[in-house]
Amino acid sequence: TGGEMTLVTGSGAFPQFSNDGKRIYFQTGGTFFGSLTKELKSVDLNGQAEQTHIKSKYANRLVPSPDNEWVAFIHLHKVYLAPLPKTGQTIELDIQTKAYPVARLSHDAGINLHWSADSKKVFWTLGDEYFSAEVSKRFTFLEGSPDTIAAPDTSGIRIHLVVPTDKPTGRIAFTNVRLITMKGDEVIENGSIVIHENRIEKIGKKEEVTIPGDAKVYDMTGHTIMPGMVDVHAHINAFRVGLSTQKHWASYANLAFGVTTSHDPSANSETVFAMSELQKSGATVGPRLYSTGFILYGADGDFKAVINSLDDARSAIRRTKAFGARSVKSYNQPRRDQRQQVIQAAREQGILVVPEGGSTFYHNMTMIMDGHTGIEHNIPVAPVYKDIEQLWSNSNTGYTPTLIVTYGALNSEVYWYQKTDVWANEKLLKYTPRSVIDARSRHRTMAPDEEYENGHILVSKTCKALSDAGVKINLGAHGQLQGLGAHWELWSLAQGGMSNHEALKAATINGAEYLGLSKDIGSLEVGKLADLIVMQKNPLEDIYNSNTIVYTMINGRLYDTETMNEIGNHPKPRGKFYWESPKYNQAFKWHEGTNSFTEGGCVCRPGMQ
């Protein structure tokens, strides 16, 4: 009815009134990626007389019914139902509880758990399906209950939300430009490329390409064009819950530095696939986004995947695929048969399996033997010898070493912070909050060069040896520093002896092939999607020239990387990030002229307490 707000309690989430309006229920412990044990609590309207009704290890959500007689809950992704006793004592509730009946509602998994107003039905979603279950039909002891309980439904009501994929109109042509096509070793020294809508229409030597009269033409004399970078191990800040930001700074940073495709191998499924769909529809700006969503985690956690049979693995794959995944991450499943079950289930459903062995060498080797799509993160042994080279090269298993977070050695990230003044990178600061940059770069680890020679550079030399043996090496920047981190990974690969062209292939066509996307991205060819970057200088001459990007094109839309304004046929200014907003600065009474803010009568400057 409105009125003044009253602080009830300083902790908890998902508040709802009790059926008599005298108490407030709420959950503590977070949701996914939260505490191992969640609690359902209540307080009176003054925040007093707190009671803990339920403790549940591995729960994700605890949702009481409107009449307070039942609790629906998510436990390790699956949906369950139980009575909500009012004994005044805390109940330990999980799927093994014997003191109270617990009914399984979902076949595979569910989120968005909620009740009908009359407390007779529970609802949830999985992907684009909407499920429901009647309370009376999940038990045998209620009035009108059946004598036996049917298996949970395997399909729900299709939501059928269809949104057009974004595609620009018109043509854009670049002429007088060097083209590193990634079609083998092809380099066209003085070429032209024509983009129609979101695909490459023509490409070749300048004299062989006729520019259509309706094309917007850019003379790029002295510049170099290559495909956009494909970051196959890119954590893009998608562990949060709730609404996605309309202007996601990490996406802008990646595009500004030439990353046009990101694959995030561990994220909150609900968040990352929402971000992917928003990008596809044109509602947000960013690289193409693919993900595994929740990892199939074998260690402890409130999001782990318990896999003890092929059917368990099939259920986990179905759950992940329902959100929109084309890959899953098998992470620290302790037994080899478990990992093989995941592979079998994934093959049945047309899903890639990218694993991580937690820096365990023999774990990694059996992953290769069993036929995983690739190995994520470097193997913790360097150098390697003929046995490993022959094993790996005779498989189709790729390798994403993520030298930026090297296992068993000093990270290349530390090297690049030491060797460059990241806090002074004006382009990076346009798209990254200052607090993120300063916290990592101004107080940096310093080490002798020999530490790096025996660290990430030695591991990079192993990547070169494996590459020479026929193993496809991919670029993965791990989200350590959005955008610029992809170049650090590229340069680190070159430090191990890869030629500049080899390293650039790792950053483009290799990653596209690894993700099963090479028919559409990864090289500049007629019919492929128009994802490309325009550089002032030639990275084949100096690999550091990869960071001279002036334009990034994603899906046919062209962006000026100095501003991230869209140009080309559809000019559109970027708009401000939250830290550029006058309202954001006004909250702290920020003074642009003095780089200080006023709070409570004090004038404070960065660095002051």
Side-chain angles (χ1 to χ4, degrees), residues 165-230 255 258-261 287-288 499-505 507-513 517-543 545-562 565-572:
T165 301
D166 179 58
K167 185 168 66 173
T169 58
R171 287 182 171 89
I172 293 176
F174 300 99
T175 63
N176 301 311
V177 67
R178 180 182 297 103
L179 296 163
I180 307 173
T181 66
M182 300 304 167
K183 185 181 177 182
D185 293 328
E186 181 182 58
V187 178
I188 302 171
E189 284 297 335
N190 186 20
S192 295
I193 182 171
V194 179
I195 290 87
H196 181 219
E197 296 179 340
N198 66 336
R199 291 194 179 265
I200 298 171
E201 185 176 42
K202 301 179 182 181
I203 184 170
K205 296 179 181 178
K206 179 184 176 181
E207 61 271 17
E208 298 174 350
V209 176
T210 302
I211 306 298
D214 63 347
K216 186 176 182 66
V217 181
Y218 290 83
D219 183 342
M220 302 310 302
T221 300
H223 290 65
T224 299
I225 290 179
M226 75 175 205
M229 297 170 74
V230 180
L255 276 187
V259 177
T260 55
T261 298
R288 301 181 189 279
S499 71
N500 292 352
H501 209 156
E502 282 180 294
L504 292 170
K505 285 181 179 178
T508 54
I509 189 63
N510 287 9
E513 291 175 348
L517 301 171
S518 58
K519 289 183 178 180
D520 283 313
I521 64 170
S523 63
L524 302 178
E525 299 181 61
V526 172
K528 287 197 172 185
L529 291 166
D531 294 359
L532 55 84
I533 53 179
V534 183
M535 294 162 285
Q536 287 180 317
K537 299 179 181 179
N538 183 4
L540 294 177
E541 294 178 353
D542 185 339
I543 197 63
N545 287 341
S546 69
N547 194 21
T548 63
I549 300 168
V550 291
Y551 302 139
T552 295
M553 178 175 279
I554 170 71
N555 200 46
R557 293 193 180 276
L558 187 62
Y559 294 88
D560 177 352
T561 62
E562 284 301 310
N565 294 334
E566 184 177 354
I567 54 176
N569 292 316
H570 303 276
K572 183 179 180 181

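Here, residue 1 is the first one in the sequence, and each next residue gets the next number.
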Problem set entry | Intermediate values then yes/no, side-chain contact (heavy atoms from CB on, under 4.5 Å), V194 and V209 | CA-CA 8 Å; V194 179; V209 176; 4.0 Å; yes
For this session: Salt-bridge test for R171 and D214: reply yes if a basic N is under 4.0 Å from a carboxylate O, no otherwise.
Result: yes
Problem set entry | Salt-bridge present (R288, D520; N to O < 4.0 Å) | no
Between [atom1] of [X] and [atom2] of [Y], what distance do you get to the nearest 0.5 Å?
{"X": "L532", "Y": "L524", "atom1": "CG", "atom2": "CG", "value": "6.0 Å"}
{"X": "M553", "Y": "D531", "atom1": "CE", "atom2": "CG", "value": "9.5 Å"}
{"X": "K206", "Y": "I188", "atom1": "NZ", "atom2": "CD1", "value": "14.0 Å"}
{"X": "N510", "Y": "E502", "atom1": "CG", "atom2": "CD", "value": "9.5 Å"}
{"X": "I195", "Y": "K216", "atom1": "CD1", "atom2": "NZ", "value": "13.5 Å"}
{"X": "K205", "Y": "E189", "atom1": "NZ", "atom2": "CD", "value": "10.5 Å"}

Problem set entry | Flag, side chain of T508 to backbone of M229, donor-acceptor distance under 3.5 Å | no
For this session: Indicate yes or no for a side-chain donor-acceptor contact from T224 to the backbone of R178 under 3.5 Å, with no hydrogens or angles considered.
Result: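 Here the side-chain-to-backbone pair does not exist.
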Might you point out which heavy atoms bring [X] and [Y] nearest each other, and give the distance in Å?
{"X": "M535", "Y": "S546", "value": "SD-CA, 3.9 Å"}
{"X": "A512", "Y": "V230", "value": "N-CG1, 4.1 Å"}
{"X": "N545", "Y": "N538", "value": "ND2-O, 2.9 Å"}

Problem set entry | Chi angles and distances behind the side chain to side chain donor-acceptor pair (under 3.5 Å) call for S523, K528 | CA-CA 8 Å; S523 63; K528 287 197 172 185; 2.5 Å; yes
Do the non-hydrogen side-chain atoms of [X] and [Y] ever get within less than 4.5 Å of each other?
{"X": "F174", "Y": "L558", "value": "yes"}
{"X": "N500", "Y": "P539", "value": "no"}
{"X": "I203", "Y": "L179", "value": "yes"}
{"X": "V550", "Y": "D560", "value": "no"}
{"X": "R199", "Y": "V526", "value": "no"}
{"X": "N176", "Y": "H223", "value": "no"}
{"X": "I200", "Y": "E525", "value": "no"}
{"X": "T261", "Y": "P287", "value": "no"}

Problem set entry | Heavy atoms from other residues, nucleotides or ligands near NZ of K537 exceed 12 (cutoff 6.0 Å) | no
Problem set entry | Test log, rule side-chain contact (heavy atoms from CB on, under 4.5 Å), inputs H570 and T169 | CA-CA 8 Å; H570 303 276; T169 58; 3.1 Å; yes
For this session: Please assess I549 against V534 for the test side-chain contact (heavy atoms from CB on, under 4.5 Å), listing each intermediate value before the final yes or no.
Result: CA-CA 6 Å; I549 300 168; V534 183; 5.9 Å; no
Seminar exercise, completed: Across all chains, not counting sequence neighbours, the side-chain hydrogen bond (donor to acceptor under 3.5 Å, both in side chains) partners of E208 are none
For this session: Using the test salt bridge (Lys or Arg N to Asp or Glu O under 4.0 Å), find all partners of E186 that sit at least two apart in sequence or belong to another chain.
Result: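 Partners of E186 by the salt bridge (Lys or Arg N to Asp or Glu O under 4.0 Å) criterion come out as none, since no residue qualifies.
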Exercise. What residues, two or more places apart in sequence or in another chain, satisfy salt bridge (Lys or Arg N to Asp or Glu O under 4.0 Å) together with D542?
Worked result: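 D542 satisfies salt bridge (Lys or Arg N to Asp or Glu O under 4.0 Å) with no other residue.
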Exercise. Under the side-chain contact (heavy atoms from CB on, under 4.5 Å) criterion, do T561 and Y551 qualify, and how do the steps go?
Worked result: CA-CA 5 Å; T561 62; Y551 302 139; 5.6 Å; no
